[in-house]
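Note sheet for the following structure.
Along the sequence shown, the residues carry numbers beginning at 1.
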Amino acid sequence: MARWSAAGVALVAVLLVTLLATREPAATQVASSALAGHAAPEIAGRELSGATLRLSSLRGRFVLVNFFATWCTPCQREHPELVKFTQRHLAADDVRVLAVIFDDDAANVRRFFAAEGGDWPVVADPRGKVALEYGVRGPPESFLVDPDGFVLTRIVGEVDADGLDRLLAQAGAARS
């Protein structure tokens with residue numbers, strides 16, 4: 001009886017490992033959001049540079065709102081992809097990244113950006129109000145906002161530049 005139980009447990013473990021190893025990574029998982037199709041909640045706050053920024057000031061181009069923290073390992077892995085994504089779109093100026101600090105210290109974020117690069121606006125969310133309005137459960141989570149200020153897509157987990165380009169192309173095609 002013990003051998004059959006052990007074999008059953010082993011089979012379940014193998015199936016679970018196979019499922020996790022072959023499923024799509026979180027970077028490509030678009031999740032449902034009550035915000036989809038609605039105006040993006042305003043984000044207004046101080047950038048790390050000290051300037052005040054409002055999400056609405058970025059209208060006229062797509063915006064990727066990215067909730068992140070320096071202590072978040074997937075956020076650390078996605079950061080070079082965000083750098084690559086912003087560099088690809090620099091000349092066209094068709095999309096901007098706006099980072100929102102999730103439960104982290106601004107000094108840590110400044111050090112992180114100084115070491116890892118990235119020149120997009122980063123705003124603090126000291127009481128978590130913005131994260132709450134967007135329904136963020138934990139970093140990384142990203143929202144693609146269209147040029148008119150409406151939420152198109154929510155991405156749970158880390159993003160990659162190619163996946164973001166595909167989402168942007170789909171969104172652009174839908175606008176045509």
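Looking only at side-chain heavy atoms (C-beta outward), L64 and L164 come within less than 4.5 Å of each other. In this structure the side chain of F85 reaches within 4.5 angstrom of the side chain of V95, judged on heavy atoms. Residues V145 and L152 have side chains not in contact (no heavy-atom distance under 4.5 Å, counting atoms from C-beta outward). F102 is listed as a side-chain neighbour of V136, based on a closest heavy-atom distance under 4.5 Å. Looking at L167 and I155, their side chains come closer than 4.5 Å, going by heavy atoms from C-beta outward. At least one side-chain heavy atom of L168 sits less than 4.5 Å from a side-chain heavy atom of H89. Contact of the C72 side chain with the P140 side chain is registered, since non-hydrogen atoms from C-beta on lie closer than 4.5 Å.
Residues passing the salt bridge (Lys or Arg N to Asp or Glu O under 4.0 Å) test with E42, sequence neighbours excluded: R54. In this structure A92 satisfies the side-chain contact (heavy atoms from CB on, under 4.5 Å) test together with D94, sequence neighbours excluded. Take E141 and apply the salt bridge (Lys or Arg N to Asp or Glu O under 4.0 Å) test, not counting sequence neighbours, and it matches R154. For the salt bridge (Lys or Arg N to Asp or Glu O under 4.0 Å) test, residues two or more places apart in sequence or in another chain that qualify with D165 are R88. Taking the side-chain hydrogen bond (donor to acceptor under 3.5 Å, both in side chains) definition, one finds that T86 meets it with nothing, sequence neighbours left out. The side-chain contact (heavy atoms from CB on, under 4.5 Å) test applied to A106 returns L48, R110, not counting sequence neighbours. Residues satisfying the ring pair (Phe, Tyr, Trp, His ring centres under 6.0 Å) test with F113, not counting sequence neighbours, are F68, H79, W120. With sequence neighbours left out, E133 forms a salt bridge (Lys or Arg N to Asp or Glu O under 4.0 Å) with K129. Scored by the side-chain hydrogen bond (donor to acceptor under 3.5 Å, both in side chains) test, T52 finds R46 as partners (sequence neighbours excluded). Partners of D105 according to the side-chain contact (heavy atoms from CB on, under 4.5 Å) rule, which considers only residues two or more places apart in sequence or in another chain, are A107, N108.
Put simply, the side chain of D125 gets close to the backbone of A131: a donor and an acceptor are under 3.5 Å apart. Looking at D148, its side chain never comes within 3.5 Å of a backbone N or O of F150 through a donor-acceptor pair. A side-chain donor-acceptor contact under 3.5 Å links E81 to the backbone of A161.
Sequence neighbours left out, the pairs with a member in residues 59-79 that pass salt bridge (charged side-chain N to carboxylate O under 4.0 Å, His left out) are R61-D93, R77-E158.
Nearest heavy atoms, G45 versus V123: O-CG1, 4.0 Å. L58 and R96 make their closest contact through CD2-NH1, 3.9 Å (heavy atoms, listed as atom of the first residue, atom of the second, distance). When every heavy atom of G117 is checked against every heavy atom of V83, the shortest pair comes out as C-CG2, 4.2 Å.
Taken together through direct or relayed side-chain contacts under 4.5 Å among Ile, Leu, Val, Met, Phe, Trp and Tyr, F67 and W71 form part of one hydrophobic cluster.
How far CZ of F112 is from CD1 of I101: 11.5 Å, rounded to the nearest 0.5 Å. Atom SG in C75 sits 9.5 Å away from atom CG in L82 (nearest 0.5 Å). From D103, atom CG reaches atom CZ of R127 across 13.5 Å, with rounding to the nearest 0.5 Å. Distance check: D146 CG to F62 CZ gives 6.0 Å after rounding to the nearest 0.5 Å.
Considering V130, V122, N66, L55 in turn, V130 is the only one that fulfils the side-chain contact (heavy atoms from CB on, under 4.5 Å) rule with V100.
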